[in-house]
Amino acid sequence: MKFIHYTLILFVFFASFFALSSSCKKKKKYCTEGGTCRSVLLAKDFFLFKEGSWWVYEEETSHQRDSQYVYQYTNTSGYDFDMRVHSTLEDYDYHYWPTYASGAKKCSESEPVSGKCIFIKKSKGKIGDYIGEGECFFINFKIDDYSTVFFVDYPYNKIWIKGIYSNYNLNGNDVYNTIKIYEDYSLLEGKQPTNHFYTKNIGLIRKELLDSNQVWNLVNYHIEQ
């Protein structure tokens, strides 16, 4: 009886050990590098907003204003989403959606990851005038990470993570969790270098068109809950 008792104890011990070991390996599978790992679901906090959300931007020199609003959005329980925004100044529509690095070893659809696992696509156009599309964001990221965004007339174009701000001052007000994206050649912004600043739970708060010497700041907004 003692032999059976000890055998049972050993069985339970090893079963628990291997279960814990397997669990640890699973958690480490997607988050293997030093630093902060993030879930791909975080992208929704930057790029998915409900119908009824709107933003007003003002250019620093001309004081021209552009009002933009969400006219269509689709959400899922996973990483996938779709959002369309209309610019009243340009009379163009912006479309945002993700592409996921399916099959990549360091990628998970929900757990924190260290690799670049989701890429946010953005297009610009209207009936009779489609400007094009490209990537504008990716997760996971750290300073000086980049992703190549191929265009036929500029095949080596990249977007770069140039700033990660826990606090960012915008027009005298602090906003939180802001990412600065530099692009070498922004097709959607007149084929020029740009900086875009995206803030969690707000969206785009600032864009700098470097060849055009234009800076557009967010001056008012409403996020539909």
Side-chain angles (χ1 to χ4, degrees), residues 43-73 82-97 119-126 129-138 141 143 146-147 149 151 154 157-224:
K44 290 184 175 182
D45 294 336
F46 289 87
F47 291 96
L48 179 61
F49 301 96
K50 294 180 179 180
E51 294 170 20
S53 299
W54 52 263
W55 304 263
V56 179
Y57 302 95
E58 182 176 283
E59 205 283 313
E60 286 186 348
T61 302
S62 67
H63 302 294
Q64 192 173 30
R65 289 196 169 193
D66 180 22
S67 297
Q68 300 185 6
Y69 62 89
V70 179
Y71 68 90
Q72 182 178 323
Y73 97 112
D82 189 278
M83 185 182 73
R84 298 173 187 265
V85 175
H86 183 72
S87 164
T88 57
L89 175 65
E90 301 178 303
D91 194 29
Y92 278 101
D93 295 327
Y94 292 89
H95 180 200
Y96 299 87
W97 73 98
F119 302 86
I120 305 305
K121 305 282 282 186
K122 176 183 179 181
S123 71
K124 178 181 179 180
K126 60 183 176 182
D129 187 14
Y130 183 72
I131 303 300
E133 68 178 56
E135 292 172 10
C136 63
F137 198 84
F138 55 84
F141 53 78
I143 293 293
Y146 69 86
S147 177
V149 184
F151 297 124
Y154 201 92
N157 179 52
K158 296 179 177 65
I159 57 173
W160 301 77
I161 305 294
K162 288 299 182 182
I164 302 174
Y165 310 100
S166 56
N167 293 342
Y168 185 83
N169 188 272
L170 179 69
N171 302 323
N173 298 309
D174 286 334
V175 292
Y176 305 100
N177 300 312
T178 299
I179 311 300
K180 177 183 178 181
I181 305 283
Y182 170 77
E183 183 170 9
D184 300 322
Y185 178 89
S186 179
L187 176 67
L188 307 190
E189 300 288 359
K191 301 181 179 180
Q192 63 184 308
T194 61
N195 289 314
H196 285 76
F197 296 73
Y198 297 100
T199 295
K200 184 178 179 181
N201 299 323
I202 298 177
L204 178 67
I205 63 164
R206 178 182 173 94
K207 71 176 179 180
E208 300 169 349
L209 310 182
L210 302 181
D211 284 351
S212 301
N213 295 316
Q214 293 184 17
V215 177
W216 293 82
N217 291 308
L218 182 67
V219 294
N220 199 4
Y221 70 95
H222 168 74
I223 304 300
E224 190 71 16

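Predicted model, so just to flag it, every value in this text is computed and none were measured. As a basis for the values below, the full set of heavy atoms in this structure was taken, side chains included, without hydrogen atoms, waters or symmetry mates.
Side-chain contact between Y69 and S53 is absent, with no heavy atoms from C-beta onward closer than 4.5 Å. Two residues are said to be in side-chain contact when any heavy atoms from C-beta on lie closer than 4.5 Å; I205 and N217 fail this criterion. Considering only heavy atoms from C-beta on, I223 stays 4.5 Å or farther from W54 through its side chain. R206 places none of its side-chain heavy atoms less than 4.5 Å from the side chain of K180. T194 is not listed as a side-chain neighbour of Y182, based on a closest heavy-atom distance of 4.5 Å or more. By the 4.5 Å heavy-atom criterion applied to side chains, D93 and Y71 are counted as neighbours. The closest side-chain heavy-atom distance from H86 to D91 is below 4.5 Å. When side chains are defined from C-beta on, I164 counts as touching I143, because their heavy atoms get closer than 4.5 Å.
Checking N177 against Y165 by side-chain atom types alone, no donor-acceptor pair falls below 3.5 Å. With 3.5 Å as the limit, one finds a donor-acceptor pair spanning the side chains of S212 and Q192. Side-chain atoms of Y185 and E189 include no donor-acceptor pair closer than 3.5 Å.
Remark: side-chain polar atoms of T199 are not paired, donor with acceptor, to backbone N or O of I202 under 3.5 angstrom.
How far OG of S186 is from CD1 of I131: 11.0 Å, rounded to the nearest 0.5 Å. One distance of note links NE2 of H196 with CD1 of I181; it measures 10.0 Å at 0.5 Å rounding. Taken to the nearest 0.5 Å, the CG atom of N220 stands 9.0 Å off from the OG atom of S67. The line from CZ of F151 to CD of E133 is 8.5 Å long, rounded to the nearest 0.5 Å.
Below 30°, between 30° and 60°, or above 60°: for Y146 and W160 the angle between ring planes is between 30° and 60°, a tilted geometry. Ring geometry for Y198 against F47 counts as tilted: the plane angle lies between 30° and 60°, on a 0 to 90° scale.
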**Message:** Run K158 and E135 through salt bridge (Lys or Arg N to Asp or Glu O under 4.0 Å) and show every step you take.
**Reply:** CA-CA 9 Å; K158 296 179 177 65; E135 292 172 10; over 6 Å; no
**Request:** In sequence, state the C-alpha distance, the side-chain angles, and the governing distance for F197 and K162, and then conclude on side-chain contact (heavy atoms from CB on, under 4.5 Å).
**Result:** CA-CA 10 Å; F197 296 73; K162 288 299 182 182; over 6 Å; no
**Message:** Set out, in order, the CA-CA distance, both residues' side-chain angles and the distance that settles side-chain contact (heavy atoms from CB on, under 4.5 Å) for Q214 and E60, then state yes or no.
**Reply:** CA-CA 7 Å; Q214 293 184 17; E60 286 186 348; over 6 Å; no
**Asked** Should Q64 and D66 be marked as a side-chain hydrogen bond (donor to acceptor under 3.5 Å, both in side chains) after you check the CA-CA gap, both sets of side-chain angles, and the distance that decides it?
**Response** CA-CA 7 Å; Q64 192 173 30; D66 180 22; over 6 Å; no
**Request:** Might you work through the side-chain contact (heavy atoms from CB on, under 4.5 Å) test for L218 and V56, ending with a clear yes or no?
**Result:** CA-CA 6 Å; L218 182 67; V56 179; 5.7 Å; no
**Message:** Working note: F119 + S147, criterion side-chain contact (heavy atoms from CB on, under 4.5 Å); need CA distance, chi angles, decisive distance, verdict.
**Reply:** CA-CA 9 Å; F119 302 86; S147 177; 3.6 Å; yes
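The residues E59 and R65 are annotated as not salt-bridged, no charged nitrogen and carboxylate oxygen being separated by less than 4.0 angstrom.
Residues K124 and L188 come closest through the heavy atom pair NZ-O, 3.2 Å. Contact between I120 and A43 at its shortest, heavy atoms only, is CD1-CB, 3.7 Å.
Judged by the 6.0 Å and 45° rule, K122 forms no cation-pi pair with Y96. Remark: K126 qualifies as a cation-pi partner of Y92 under the 6.0 Å distance and 45° angle criteria applied to the six-membered ring.
For an aromatic pair to be called close, the ring centres must be under 6.0 Å apart, and Y176 with Y168 fails this. Aromatic ring centroids of Y73 and F49 lie 6.0 Å or more apart.
Residue K191 places its NZ atom among 12 or fewer non-hydrogen atoms of other residues, nucleotides or ligands, all under 6.0 Å distant.
Under the side chain to side chain contact (heavy atoms under 4.5 Å, CB included) test applied with L204, the options Y57, W55, W216 reduce to a single match, Y57.
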